[in-house]
Student: 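One structure coming up, written as structure tokens, with questions to follow.
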Amino acid sequence: MSATVSFTVPSPRGPQPVTVSYTRVGRGEPLLLLHGIGHHRQAWDPVVHILAAEREVVAVDLPGFGVSPPLPDGLAYDLPTTAAVFAAFCEALELDRPHVAGNSLGGLLALELGREKLARSVTALSPAGFWSQAERRYAFGVLLTMRQISRRMPLPLVERMARTAAGRTALTSTIYARPARRSPEAVVAETLALARATGFDQTLRAGATVRFTDDLPGVPVTLGWGTRDWLLVRRQGVRAKRIIPAARLVRLPGCGHVPMSDDPALVARLILDGSR
């Protein structure tokens, strides 16, 4: 069941109210799941039921994405603010240093929470922040194009395309290696999520200067990278491993940038093993 929680986050203008939508299922040690830019918490649906057998799984819509409202004026969509948001979120839900898994932007956020000692462990799937300038410009260009297309396409056309494997491939092959596996309903929903993401533009602008350059001593880190990730190419995983030497770097054969639906069993096992 979906729920929302509201809390305050410090800002130069004083405490600001933030509301986050989330789902919470399963039993065990807490595991927080963070999606990528333009996506929503349903990106994790293919693995949630597997994870929930061993973890208390909390999947969130980042502020300004999915059905979570945008951040109020005075709060930036940058790493320090987002870390503060999720520190307050975990306090509000009484999650004591959860394990954190994230994909893309969510992977970067997971690593930031680990850096701030707010996570017991971190599993980052194709995390942002380990790019060269050329790679970042390329990824941002692709994301902006995807965003523009999603906003221009009439809903009946999206629904018609989503009914066929070829249409689902056309709509989502940038981020999935096996886009035909996505259900029509999921493809329509994530296309709408990208089109309607109120936090997209500010998040992308905030990311223009982001590089993750810190080790995470004392925090177990697993890095997963799809061998068919064409958005944040897999050589970025080698850079990440150099920055976080103790991290476990795992190749995800046949997976794209968002690997959860490409190989749910493999991704779930990676997260569970990384959060022991």
Side-chain angles (χ1 to χ4, degrees), residues 2 19-23 33-48 59-71 77-78 82 102-109 125-129 131 136-208 210 226 228-232 255-262:
S2 176
T19 298
V20 170
S21 180
Y22 67 97
T23 56
L33 301 179
L34 304 173
H35 63 75
I37 186 171
H39 226 146
H40 56 176
R41 66 174 181 264
Q42 288 83 353
W44 296 98
D45 282 357
V47 299
V48 163
V60 305
D61 282 331
L62 302 180
F65 297 94
V67 295
S68 287
L71 291 173
Y77 286 82
D78 57 16
T82 308
N103 173 226
S104 194
L105 166 65
L108 172 62
L109 298 176
L125 308 174
S126 294
W131 42 43
R136 183 196 62 77
R137 286 194 297 269
Y138 163 76
F140 280 28
V142 172
L143 290 167
L144 281 168
T145 300
M146 292 172 62
R147 163 87 158 170
Q148 290 164 0
I149 291 171
S150 71
R151 298 184 80 178
R152 292 173 182 169
M153 290 183 70
L155 179 57
L157 176 58
V158 175
E159 291 173 335
R160 188 160 64 248
M161 291 180 67
R163 286 196 287 269
T164 69
R168 294 195 293 279
T169 298
L171 288 167
T172 65
S173 61
T174 305
I175 57 173
Y176 298 115
R178 302 179 175 112
R181 290 187 177 183
R182 301 293 287 157
S183 72
E185 296 78 14
V187 169
V188 171
E190 62 194 357
T191 302
L192 290 175
L194 176 58
R196 297 172 178 173
T198 55
F200 183 93
D201 295 334
Q202 292 180 73
T203 298
L204 207 62
R205 282 196 296 272
V210 169
R228 295 173 63 188
D229 187 341
W230 311 129
L231 188 66
L232 298 181
C255 290
H257 181 63
V258 181
M260 293 83 83
S261 72
D262 286 333

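Model, not experiment: these values are computed from the prediction. Residues take their numbers from the sequence shown, with the count starting at 1.
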Student: Please evaluate residues Leu71 and Gln202 with respect to the criterion side-chain contact (heavy atoms from CB on, under 4.5 Å), reporting the C-alpha separation (whole Å), side-chain torsions for both, the decisive distance (0.1 Å), and the verdict.
Tutor: CA-CA 10 Å; Leu71 291 173; Gln202 292 180 73; over 6 Å; no
Student: For side-chain contact (heavy atoms from CB on, under 4.5 Å), just list the numbers for Thr145 and Thr174, CA-CA rounded to whole Å, side-chain angles, deciding distance to a tenth of an Å, and then say yes or no.
Tutor: CA-CA 11 Å; Thr145 300; Thr174 305; over 6 Å; no
Student: Can a donor-acceptor pair be found, under 3.5 Å and without considering hydrogens, that links the side chain of Trp131 to the backbone of Val210?
Tutor: yes
Student: Got a donor-acceptor contact below 3.5 angstrom from the Asn103 side chain to the Val258 backbone?
Tutor: no
Student: Is there side-chain contact between Ser68 and Thr19, with at least one heavy-atom pair below 4.5 Å?
Tutor: no
Student: Should Leu62 and Tyr77 count as side-chain neighbours, where that means a heavy-atom distance under 4.5 Å?
Tutor: no
Student: Can you tell if the side chain of Phe200 reaches within under 4.5 Å of the side chain of Leu144, non-hydrogen atoms only?
Tutor: yes
Student: Can you name the nearest heavy-atom pair linking His257 to Ser104, along with the distance?
Tutor: NE2-OG, 2.8 Å
Student: Among all residues two or more places apart in sequence or in another chain, which pass the salt bridge (charged side-chain N to carboxylate O under 4.0 Å, His left out) test with Arg41?
Tutor: Asp61
Student: Can a donor-acceptor pair be found, under 3.5 Å and without considering hydrogens, that links the side chain of Arg147 to the backbone of Ala197?
Tutor: yes
Student: Measure the shortest side-chain to side-chain distance between Leu143 and Leu231 over non-hydrogen atoms and say whether it is less than 4.5 angstrom.
Tutor: yes
Student: Can you confirm whether Leu125 sits close enough to Met260 that some side-chain heavy atom of one is under 4.5 Å from a side-chain heavy atom of the other?
Tutor: yes
Student: Please find the pair of heavy atoms, one from Ala170 and one from Met161, that lie closest to each other, and give the distance.
Tutor: CB-CE, 3.8 Å
Student: Compare all side-chain heavy atoms of Phe65 with those of Ile37 and state whether any distance is below 4.5 angstrom.
Tutor: yes
Student: Please evaluate residues Met153 and Leu171 with respect to the criterion side-chain contact (heavy atoms from CB on, under 4.5 Å), reporting the C-alpha separation (whole Å), side-chain torsions for both, the decisive distance (0.1 Å), and the verdict.
Tutor: CA-CA 11 Å; Met153 290 183 70; Leu171 288 167; 3.8 Å; yes
Student: For a quick test of reading the model, state the closest non-hydrogen atom pair linking Gly107 to Pro127 and the distance between them.
Tutor: C-CB, 3.7 Å
Student: Would you check if Leu33 and Val48 make a side-chain contact, meaning some heavy-atom pair closer than 4.5 Å?
Tutor: yes
Student: What are the two closest non-hydrogen atoms of Pro46 and Arg182, and how far apart are they?
Tutor: CG-NH1, 3.8 Å
Student: Pro259 versus Arg228: any side-chain heavy-atom pair under 4.5 Å?
Tutor: no
Student: In Å and rounded to the nearest 0.5 Å, what is the CZ to CE distance from Arg151 to Met146?
Tutor: 14.0 Å
Student: Where is the tightest heavy-atom contact between Asp78 and Thr82, given as atom of each residue plus distance?
Tutor: O-OG1, 2.8 Å
Student: Kindly write out the residues that satisfy side chain to side chain contact (heavy atoms under 4.5 Å, CB included) with Leu192, not counting sequence neighbours, or none if the list is empty.
Tutor: Leu155, Val188, Arg196
Student: Looking at His40 and Ala193, what are the two nearest heavy atoms and their distance?
Tutor: ND1-CB, 3.8 Å
Student: Return yes if some donor-acceptor pair links the side-chain N/O of Arg136 with the main-chain N/O of Ala208 below 3.5 Å, else return no.
Tutor: yes
Student: Pick one: which of Arg168, Arg181, Glu190 meets side chain to side chain contact (heavy atoms under 4.5 Å, CB included) with Tyr176?
Tutor: Glu190
